[in-house]
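Just so it is clear: chains get the letters A, B, ... in the order the sequence lines come, proteins before strands, and each one is counted from 1.
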Amino acid sequence: MVVHNLAAAAVAWYDANARDLPWRSPDATPWGVLVSEVMLQQTPVSRVLPAWLDWMARWPAPAHLAADAPGEAIRAWGRLGYPRRALRLHECAVAIVTSHGGAVPSDVDQLLSLPGIGAYTARAVAAFAYRQRQPVVDTNVRRFVARAVAGAPDAGPTTTARDLVAVAELLPDEPELAARASVAFMELGALVCTARSPRCTDCPVVATCEFRRSGAVAPAGPTRRPQRYAGTDRQVRGLLLAVLRESSGPVPRARLDAVWSDSTQRDRALSGLLADGLVCEVGQSHLALPS
DNA sequence: GAGACGTGGGC
DNA sequence: TGCCCAAGTCT
């Protein structure tokens, strides 16, 4: 069956071409895998690498992070982006300690109940840390499967239940081999079957690729609406949080006022940060990261 | 289900 | 130079 060959070819290619990333090491713990997966949500490997090494050296197990202040997690997050992930990782550590005896759960449903862990990350942890047979569906896998199997130029905009079923059908029965196939599909999507300029000449499944067979060669157009940033609340939130991150203690409001002149937008951004728990009020006149 | 949510690098 | 993007999650 073509399906079987796809996984086998991907695994063989992976064994010869995969990047050597520390969270893929046999020494990596489930906690290390979980941290890497959260950091990698919408953030490139090159920027995650140093942050992950620092994070794991400081908080090698969930209990270490849970015992520290959430603000420290936000500070250590640095400029990875989407700092709510740092807060959720801290909440995750607390939940793991209080509800799971300090060990990252291996059950997908239990993983799904943790803050910041969704359909992708839960299955990624189950597959990569616990070597389970689970459909691990991220944007790379959806794109690879859309092209190689469905013959489409690109995947749809969001993950659906159908994607999970489709990917599950591609996985070998044996769990360890299935886990290897899962990471191989991701790596193939990240390095070869890329969004804009797929390197089909380097692809191990080019011979059976439906997109190729259909004669389509041109890379697909953008699948996402362009995301503006300059001038948005997101930029203002980022500027405000950067000030707090780089300060060791509470900061006077006046210093935050200086980063953005439009007070209406600045107040809205700050209110959002407070509502999200990323920032806390200290007295009437100071702000700080949560303690 | 559309939209919010950061950031820096590549073309 | 800007625009597009990179292993998603939550509301």
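- At a threshold of 4.0 angstrom between heavy atoms, the contacts of A:Val45 include nucleobase atoms, whether or not backbone atoms are also involved.
- Taking only side-chain nitrogens and oxygens, A:Thr232 never comes nearer than 4.0 Å to OP1 or OP2 of B:dA4.
- You'll find that the side chain of A:Arg196 is closest to C:dC4, out of C:dC4, C:dA7, C:dG8.
- The existence of a salt bridge linking A:Glu210 and A:Arg213 is confirmed by a sub-4.0 Å separation between a basic side-chain nitrogen and an acidic carboxylate oxygen.
- Map A:Ser46 and A:Pro83 each onto its nearest nucleotide of DNA chain B; the residue landing nearer the 5' end is A:Pro83.
- In this structure, CG of A:Leu80 is placed 17 Å from P of C:dA6, rounded to the nearest angstrom.
- Using a 4.0 Å heavy-atom criterion, one finds that A:Arg142 contacts no nucleic acid atom at all.
- Rounded to whole Å, the distance from CZ on A:Arg85 to C1' on C:dA6 is 10 Å.
- Residues A:Ile74, A:Leu87, A:Leu239, A:Leu240, A:Leu241, A:Val243, A:Leu244, A:Val251, A:Leu256, A:Val259, A:Trp260, A:Leu270, A:Leu273, A:Leu274, A:Leu278, A:Val279, A:Leu287, A:Leu289 make up the rest of the hydrophobic cluster containing A:Val236, defined by ILVMFWY side-chain heavy atoms closer than 4.5 Å, directly or through other members.
- When the P atom of B:dG9 is taken as reference, atom CD of A:Gln42 falls 17 Å away, rounded to whole Å.
- Look at the P atom in both C:dA7 and B:dA4: the space between them is 22 Å, to the nearest Å.
- For residues 268-291 of chain A, there are no ring-ring contact (aromatic ring centres under 6.0 Å, His included) pairs, not counting sequence neighbours.
- Between A:Arg79 and B:dG6 there is no side-chain N or O to OP1 or OP2 distance below 4.0 Å.
- Among pairs with a residue in residues 183-195 of chain A, those fulfilling salt bridge (charged side-chain N to carboxylate O under 4.0 Å, His left out) read A:Arg19-A:Glu187, A:Arg24-A:Glu187, at least two apart in sequence or across chains.
- Among the heavy atoms of the strands lying under 4.0 Å from A:Gly81 is at least one base atom, whether or not backbone atoms are also near.
- Across C:dT9 and B:dG8, the matching P atoms stand 23 Å from one another, rounded to whole Å.
- Under the rule for a ring-ring contact (aromatic ring centres under 6.0 Å, His included), the partners of A:Trp55 that lie at least two apart in sequence or sit in another chain are A:Trp59, A:Trp77.
- Along DNA chain C, the nucleotide nearest to A:Asn140 and the one nearest to A:Leu114 differ in position, and the one closer to the 5' end is contacted by A:Asn140.
- In this entry the distance linking CG of A:Asp276 with P of B:dG6 reads 7 Å, nearest Å.
- Atom pair A:Arg88:CZ and C:dT9:P shows a separation of 10 Å (rounding to whole Å applied).
- Under a 4.0 Å N-O distance rule, the pair A:Arg58/A:Glu72 qualifies as a salt bridge.
- Looking at the side chain of A:Arg84, the nearest of the listed nucleotides B:dA4, B:dG8, C:dA7 is B:dA4.
- One interatomic measurement links the two molecules: OH of A:Tyr82 to C1' of B:dG8, which rounds to 13 Å at whole-angstrom precision.
- Judged by atom type and distance alone, A:Arg47 reaches the base of B:dT7 through a side-chain donor-acceptor pair under 3.5 Å.
- Using modelled atom types and a 3.5 Å distance limit, the side chains of A:Tyr120 and A:Glu37 yield a donor-acceptor pair.
- Each ring-ring contact (aromatic ring centres under 6.0 Å, His included) pair with one or both residues in residues 129-165 of chain A, not counting sequence neighbours, appears once here: A:Phe144-A:Phe185.
- Rounded to whole Å, the distance from CG on A:Leu240 to C1' on B:dG6 is 13 Å.
- When heavy atoms are screened at a 4.0 angstrom cut-off, A:Arg268 is found touching no nucleic acid atom at all.
- Residue A:Leu21 is classed as a base contact, given a heavy-atom separation below 4.0 Å to a base.
- Heavy atoms of A:Ala119 sit under 4.0 angstrom from primed sugar atoms or phosphate atoms, though from no base atom.
- Residue A:Leu40 contributes atom CG, which lies 15 Å from atom C1' of C:dT9 at whole-angstrom precision.
- Among the protein residues, A:Thr158 comes within range of no part of the nucleic acid, since none of its heavy atoms lies under 4.0 Å from any strand.
- Between the side chain of A:Thr43 and the base of B:dG6 there is at least one donor-acceptor pair of N/O atoms closer than 3.5 Å.
- Residues A:Met186 and A:Ile117 both approach DNA chain C. Their nearest nucleotides, taken by heavy-atom distance, put A:Met186 toward the 5′ side.
- Less than 4.0 Å separates DNA chain C from at least one heavy atom of each of the following residues of residues 23-31 of chain A: A:Trp23, A:Arg24.
- When each of A:Val35, A:Leu34, A:Leu40 is checked for a side-chain contact (heavy atoms from CB on, under 4.5 Å) with A:Val38, only A:Leu34 meets the rule.
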